[in-house]
Amino acid sequence: SIEKKDLNNCGKLVLTGDMSELSITKVDLSNMNTLEGNIEVFEGMQLKMLNLEYCENLKGDIESLKDCPLQVLNLAGKEPFQKFTGNIVVFADMPIKELNLQGCWQLTGNIEVFNGMQIKELNLRLCEQLTGNIETFKDMQIKELNLNRCENLIGKDKAKQMFPNADVTV
């Protein structure tokens with residue numbers, strides 16, 4: 001079991017192959033800025049945690065994650081370079097508690113998909129194509145919420161009032 005790794009700037013690495021037969025539930029490849037490949041390699045895996053933060057050369061449609069029982073997903077990147085595409089409707093049946101999509105400007109869909117979910121931390125900064133009303137979040141126990149530069153979301157101006165005890169950025 002690898003507890004810590006620092007493969008930042010270590011040369012070209014390629015994520016490839018079918019990993020669906022592996023019994024891995026947590027994958028942290030964060031800060032591997034030279035890692036290349038497609039997130040479809042995670043398709044069918046029983047991942048509970050996937051951290052691809054600042055993996056600037058990865059790409060792919062988030063649809064490939066639809067069957068993963070993810071509780072924590074971090075696809076954040078240095079904006080606007082994240083190359084992930086797809087509709088956030090794929091998150092509908094996931095037990096997500098922490099979701100960071102910062103810089104995933106190509107993602108589409110309506111935030112109503114999060115209605116009824118137990119999300120505690122939600123970062124949608126620079127997800128400029130997402131739509132919907134933040135009233136969707138009103139019954140959530142959100143501790144951190146970032147809606148900065150989510151220009152198509154309705155009600156952003158009420159986010160701090162809605163979550164007075166949370167760290168809210170609009």
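These numbers were taken from a predicted model, which means no experiment stands behind them.
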Inset, instruction - State, yes or no, whether a side-chain contact exists between Leu52 and Asn74 at a heavy-atom distance under 4.5 Å. - result: no
Legend entry - Asn33 side, atom CG; Asn57 side, atom CG - distance, nearest 0.5 Å: 7.5 Å
Inset, instruction - Write down the atom of Thr136, the atom of Phe114, and the distance for their closest heavy-atom approach. - result: CG2-C, 4.2 Å
Inset, instruction - Please examine the side chains of Leu70 and Leu50, heavy atoms only from C-beta on, and report whether any two atoms are closer than 4.5 Å. - result: yes
Legend entry - Set of salt bridge (Lys or Arg N to Asp or Glu O under 4.0 Å) partners for Glu128, sequence neighbours left out: Arg149
Inset, instruction - Answer yes or no: is there a side-chain heavy-atom contact under 4.5 Å between Ile62 and Thr85? - result: no
Legend entry - Contact summary for Ile134 and Lys158, nearest pair of heavy atoms: CD1-C, 4.3 Å
Legend entry - Main-chain N/O of Leu145 paired with Asp167 side-chain donor or acceptor, under 3.5 Å: no
Legend entry - Side-chain heavy atoms of Gln46 within contact of Pro69, under 4.5 Å: yes
Inset, instruction - Provide the closest heavy-atom pair for Lys160 versus Val170 in the form atom of the first, atom of the second, distance. - result: CE-CG2, 4.4 Å
Inset, instruction - With sequence neighbours left out, write down each residue that passes side-chain hydrogen bond (donor to acceptor under 3.5 Å, both in side chains) with Asn133, or none if nothing qualifies. - result: none
Legend entry - Joint hydrophobic cluster, Ile154 plus Phe137, side-chain heavy atoms closer than 4.5 Å: no
Legend entry - Closest contact, heavy atoms only, Val41 versus Met45: O-SD, 4.1 Å
Legend entry - Verify same cluster id: Leu75, Val72 (apolar side-chain graph, 4.5 Å): no
Legend entry - Cluster check Trp105, Tyr54: I/L/V/M/F/W/Y, side chain < 4.5 angstrom: no
Legend entry - Atom NZ of Lys59 with >12 non-hydrogen neighbours under 6.0 angstrom: no
Legend entry - Closest contact, heavy atoms only, Leu107 versus Leu130: O-CD2, 3.8 Å
Result block: side-chain N/O donor-acceptor pairs under 3.5 angstrom for residues 86-100, not counting sequence neighbours:
unit_1	atom_1	unit_2	atom_2	d
Asn87	OD1	Val89	N	2.9
Asn100	OD1	Gln102	N	3.0

Legend entry - Result of checking Thr34, Ile39, Leu29 against Cys55 for side chain to side chain contact (heavy atoms under 4.5 Å, CB included): Leu29
Legend entry - In one Ile/Leu/Val/Met/Phe/Trp/Tyr side-chain cluster, 4.5 Å: Met49, Leu122: no
Inset, instruction - Working to the nearest 0.5 Å, report the span between CD1 of Ile119 and CD of Gln141. - result: 12.5 Å
Inset, instruction - Measure the OG-CG distance between Ser64 and Asn38 for me, rounded to the nearest 0.5 Å. - result: 6.5 Å
Inset, instruction - Rounded to the nearest 0.5 Å, what's the gap from OG1 on Thr25 to NZ on Lys48? Could you check? - result: 6.0 Å
Inset, instruction - Drop me the distance from Leu124's CG to Leu147's CG, to the nearest 0.5 angstrom. - result: 6.0 Å
Legend entry - Over all atoms of both residues, closest heavy-atom pair of Lys83 and Glu56: NZ-O, 3.3 Å
Legend entry - Rounded distance [0.5 Å steps], CG in Asp139 versus CD in Gln118: 10.0 Å
